[in-house]
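In each ligand, atom 1 is the first atom listed, and ligand 1 is the first ligand listed. One is the number of the first residue; the rest follow in order along the sequence.
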Amino acid sequence: MRFVKMHGLGNDFVVIDAVRQRVEMTPELARRLADRRRGIGCDQVLLVEPAADPRADFRYRIFNADGGEVEQCGNGARCLARFVVDEGLWQAPRLVVETRGGLVGLFLEPDGQVRVDMGPPRLEPAEIPIDAPARALRYPLEVEGERVEVGAVSMGNPHAVLEVADVAAAPVGRLGPALQRHPAFPAGVNVGFLQVLSPEAVRLRVYERGAGETEACGSGACAAVVWGRLAGRLGPRVRVHLRGGDLVIHWPGEGEPVWMTGPAERVFEGRIRT
Ligand SMILES: N[C@H](CCC[C@H](N)C(=O)O)C(=O)O
């Protein structure tokens, strides 16, 4: 099977053309492809398939390194846009892809960056999902014997947002795994540690569901800016400093889509026996 290795700010992917190749993706195969010693190695495996939804140009399936199929991947969406053009699957600089989490608009910019319409955030507990009686800005949780308050936002996939004074000192390795599997999140959750620098700039680290801490998380950056804006801490356009680099997130406000702009890099291509 042919694959292309790509990354968005160090969040890395194995991208597979399932339009011109017959691919039977399973959790076991995804885990093997993602294995950094026995396989190719990546945070997520991305499958590009023919669209089922007439409004979309391709279907985009996302598998975490643990083999679980999930609803959304922002950095991966930018890589998909570059992939389909580089591979001759698509010619125009704009396209729509369907994911389990909804439709995503992709725009290849002249400067090589990719702009993504990630759709509107979902904020009701049942949509996230979080086990809570009503929507709140902060949800109190007991975790590892301490009480924390998290924001909760879905970009199609679930995100918890924990505000910290300094991301460098944040207990990502301890609270990340504990919150990721907290019973309040029946589908698990990606955990963002957010440090607000100004209304226009933040630092963010993300412990991802099914992958652990990654160098960047696109949907996590969107979720963190949405929460920060709802908390009255952030303006409509925010530069998000992640370990792997910067994303620019634009959210006009409730009911509006979240826009993300950032890079997409192709690293190498190859073949693997499946
Ligand atoms: N770990 C995420 C999927 C990948 C999201 C991330 N890589 C991004 O760029 O949005 C989840 O389980 O929902």
Subset of ligand 1 atoms that lie under 4.0 Å from at least one heavy atom of [X]:
| X | answer |
| --- | --- |
| C73 | 4 (C), 5 (C), 6 (C), 7 (N), 8 (C), 9 (O), 10 (O) |
| V70 | 3 (C), 12 (O) |
| N11 | 6 (C), 7 (N), 9 (O) |
| N157 | 2 (C), 11 (C), 13 (O) |
| N75 | 8 (C), 9 (O) |

Regarding [X] and [Y], does a basic nitrogen lie under 4.0 Å from an acidic carboxylate oxygen?
| X | Y | answer |
| --- | --- | --- |
| R61 | E71 | no |
| E256 | R229 | no |
| E254 | R135 | yes |
| R55 | E98 | no |

[X] versus ligand 1: do any nitrogen or oxygen atoms come within less than 3.5 Å of each other?
| X | result |
| --- | --- |
| C217 | no |
| Q72 | no |
| G218 | yes |
| N190 | yes |

Verify, without hydrogens or angle tests, whether D57 (side chain) and A51 (backbone) share a donor-acceptor contact under 3.5 angstrom.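 No, because the side chain of D57 does not come within donor-acceptor range (under 3.5 Å) of the backbone of A51.
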Just to confirm my output: which protein heavy-atom neighbour is closest to atom 1 (N) of ligand 1, and how far is it?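 Nearest neighbour among protein heavy atoms for atom 1 (N) of ligand 1, to 0.1 Å: E208 OE1, 2.7 Å.
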Nearest neighbour in protein (non-hydrogen) for atom 10 (O) of ligand 1: S219 OG, 2.6 Å
Just checking, is any N or O donor in the side chain of Q44 or E208 under 3.5 Å from an acceptor N or O on the other one? yes
In sequence, state the C-alpha distance, the side-chain angles, and the governing distance for H159 and S154, and then conclude on side chain to side chain donor-acceptor pair (under 3.5 Å). CA-CA 6 Å; H159 291 270; S154 168; over 6 Å; no
Can you say whether the rings of W259 and F107 are parallel (under 30°), tilted (30 to 60°) or perpendicular (over 60°)?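 Ring orientation, 0 to 90° scale: tilted.
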N64 near ligand 1 by a heavy-atom separation under 4.0 Å: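 In this structure, N64 qualifies as a contact of ligand 1 - some heavy atom is under 4.0 Å.
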